[in-house]
Structures are given as C-alpha cells and as structure tokens.
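To start, the structure under review is shown below, and the notes come after it.
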Amino acid sequence: MEFTVLTIFPEMFPPFWENGIIRRAIEQGIISASAINIRDFTTDRHRTTDDRPYGGGCGMVMKPEPLADAIRTARANAPSSKTVLMTPQGRPFNQRVAEELSLVEGLIFVCGRYEGVDERICRHFIDDEISIGDYVLTGGELASMIIMDAVTRLRPGALGGEESAARDSFSENVLEHAHYTRPRNFEGDEVPDVLLSGNHREIEKWRLETSLIRTFLKRPDLLRERPLSPHEINILKNWCSDIET
Ligand SMILES: CC(C)(C)c1cccc(C(=O)NCC2(NC(=O)c3cccc4nocc34)CCCCC2)c1
C-alpha cells in the first residue's frame with residue numbers, strides 16, 4: 001500500500017510517519033509513504049499556489065495548474081492509486097470506508113488549504129471525496145493522517161500478534177469494555193473482582209456485557225450498524241430489566 005500526500009506543508013508528515021504502528025508498518029514494508037510539496041509544481045518566481053477567487057469575495061483558492069501537475073506526477077509514481085480529495089463535501093469517513101480503502105493498491109491524498117481547491121480539480125482529477133467530520137479545519141492534512149492511520153492498521157501484518165488478536169468485526173463495531181492495569185487499588189478505586197478471578201469465561205462475559213451496555217448507553221447508533229445476536233440482545237434486556245427493578 002503506497003500513500004502519497006499532496007500538500008503545501010510536507011513537513012507535517014515525517015513526525016506522523018516516524019512513530020508507533022505506522023513507523024513499524026513502513027519499516028516492515030507493509031506501507032510506504034511520501035509527501036509531495038505542491039509548491040514544487042509552481043512555475044512563477046514566488047512559487048504561488050493560490051490566487052484570488054473568480055466572483056470576488058474574501059479568501060484565496062488553490063490554483064488548478066500546480067495541483068494538476070502534482071497529481072499527474074503522483075499518479076506516474078504510483079499508477080494504481082486512488083486520488084482522494086480531503087474535503088468537508090466528502091462522504092463521511094468511518095470504519096467501513098477505512099476497510100474499503102485498505103483494499104486499494106495506493107492512495108493519493110489531496111489536502112486543501114485556503115478556501116479550497118479549484119473546482120476543475122474536483123471535476124477532473126479526483127476519484128473520491130472524503131470528510132472526517134463536521135467541523136471547520138484549516139487544512140486537509142490532519143484528515144489525511146487520520147485516514148492513513150485507520151487504513152494502515154487494517155493492512156495484513158500491520159498489527160502485531162497481540163493487537164491483531166484483539167481485532168475482529170465485533171470489536172470494531174462496539175465501544176470497548178473498561179481497561180485496568182496495576183495497581184489494584186488506585187487512590188481508593190479498586191479493579192472489579194471478576195478481572196482478578198482468573199475465571200476466563202466470567203471475564204469474557206463481563207467484557208462482552210460492559211462493551212454492549214456502554215455502546216447501548218453512549219453510542220446506540222453504532223448498534224444499528226451491525227445486527228445484535230439473540231445472545232447479545234438478551235444481555236441488554238437483562239441489564240434493562242435489572243435497572244427497572
Ligand atoms: C460544514 C463544515 C464541515 C463545518 C464546513 C463548512 C464549510 C467549510 C468547512 C471547512 O472546514 N473548510 C476548510 C477546509 N476544511 C477541510 O478540509 C475539512 C473540514 C472538515 C472535515 C474534513 N475532512 O477532510 C477535509 C476536511 C480546509 C481548508 C481548505 C478548504 C476546506 C467546514
């Protein structure tokens with residue numbers, strides 16, 4: 001999987017690629033990543049990447065020519081890549097989109113700055129528009145990092161034995177149970193006894209129940225993404241009847 005980011009701030013990316021699972025995935029050749037400076041594709045003395053908007057108004061728009069040339073170069077270097085524009089107008093990013101993107105050969109991320117990119121780029125050079133959420137950002141760079149993070153961990157081999165064992169379709173659709181580690185008593189708050197019991201059936205039962213109940217209480221919308229098994233529905237029913245009594 002090859003990641004290419006087109007940005008006017010390429011220096012934002014090495015720190016992101018030099019840590020944790022991403023770094024290990026690069027070292028293991030599971031992914032490769034590079035940032036292309038759009039400014040390198042300007043032709044004027046001032047290396048201008050933006051210009052005033054037609055129709056007037058405040059703010060600047062990213063010029064189409066440098067972007068088009070940068071995208072062409074990125075595609076020449078990574079031919080079977082999908083070109084993704086990070087934009088508020090994009091389809092909402094979620095785990096399902098991450099899984100879909102993790103199957104492609106390569107991803108070229110176009111990161112907007114100023115008021116956005118010239119519409120001719122969106123029309124003729126973009127294969128997919130993706131948004132990471134409904135809030136105002138100063139650029140698309142962080143959005144591209146979020147996608148690279150979520151997609152990398154889905155690539156075979158990216159997660160070590162431990163993490164990949166923890167990963168399955170169930171765990172990627174519900175909130176996690178509470179996590180505890182030493183000390184047993186932290187400032188007066190004790191770890192639940194079941195977790196110290198050594199009874200793995202009871203521990204798994206507790207983890208499944210608390211995970212389902214937390215999701216039901218905090219993010220019921222996630223439960224609509226994935227049908228619950230009769231067993232899981234029973235867990236929620238029992239819990240609800242317990243609080244009714
Ligand atoms: C209604 C809503 C969403 C609040 C909104 C409405 C109007 C503008 C924005 C906004 O943020 N414009 C600035 C801009 N944002 C983004 O790139 C961006 C934002 C959010 C999620 C993203 N995912 O990828 C990229 C994303 C960065 C500078 C270049 C122009 C785009 C937001």
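Nothing here was measured: the structure is a model prediction, and the numbers come from that model.
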Taking the side chain from [X] and the backbone from [Y], do they hold a donor-acceptor pair closer than 3.5 Å?
X: D149; Y: M145; result: no
X: E204; Y: R201; result: no
X: D118; Y: M62; result: no

Min side-chain heavy-atom separation [X]-[Y] under 4.5 Å:
X: N77; Y: T73; value: yes
X: R91; Y: D128; value: yes
X: E100; Y: L103; value: no
X: F16; Y: I22; value: yes

Practice prompt. Tell me, with the steps shown, if S81 and R75 meet side-chain hydrogen bond (donor to acceptor under 3.5 Å, both in side chains).
Written response: CA-CA 7 Å; S81 293; R75 285 177 167 171; over 6 Å; no
With sequence neighbours left out, what residues match [X] under salt bridge (charged side-chain N to carboxylate O under 4.0 Å, His left out)?
X: R155; value: none
X: E225; value: R96
X: R72; value: D69

Discussion item. Can you pull out every side-chain hydrogen bond (donor to acceptor under 3.5 Å, both in side chains) where at least one residue sits in residues 49-60? Sequence neighbours excluded, please.
Written reply: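 Pairs touching residues 49-60 that pass the test: T49-Y114.
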Fill in: Pair listing, ring pair (Phe, Tyr, Trp, His ring centres under 6.0 Å) test, anchored in residues 224-245, at least two apart
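Found none.
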Worksheet item: Where do I36 and V5 land on the side chain to side chain contact (heavy atoms under 4.5 Å, CB included) test, with the steps shown first?
Response: CA-CA 6 Å; I36 289 182; V5 185; over 6 Å; no
Discussion item. Can you list, by chain and residue number, the hydrophobic cluster partners of L175 when the side-chain cut-off is 4.5 Å?
Written reply: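 Same cluster as L175: L222.
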Worksheet item: Apart from L159 itself, which Ile, Leu, Val, Met, Phe, Trp or Tyr residues share its cluster (side-chain heavy atoms under 4.5 Å, direct or through members)?
Response: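 Under the 4.5 Å side-chain rule, L159 groups with I21.
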Worksheet item: Pairs in or reaching into residues 236-245: which pass salt bridge (Lys or Arg N to Asp or Glu O under 4.0 Å), with residues at least two apart or in two chains?
Response: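 Qualifying pairs: none.
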Side-chain donor-acceptor pairs of residues 136-144 under 3.5 Å, sequence neighbours excluded:
from	atom 1	to	atom 2	distance (Å)
E141	OE1	R113	NE	2.9
E141	OE1	R113	NH2	2.9
E141	OE2	T7	OG1	2.7
S144	OG	E141	O	2.6

Could you pull out all residues at least two apart from [X] that satisfy ring pair (Phe, Tyr, Trp, His ring centres under 6.0 Å)?
X: F13; answer: W17
X: H46; answer: none
X: W206; answer: none

Practice prompt. Given side chain to side chain contact (heavy atoms under 4.5 Å, CB included), test I38 with L67 step by step and report yes or no.
Written response: CA-CA 6 Å; I38 299 165; L67 269 173; 3.7 Å; yes
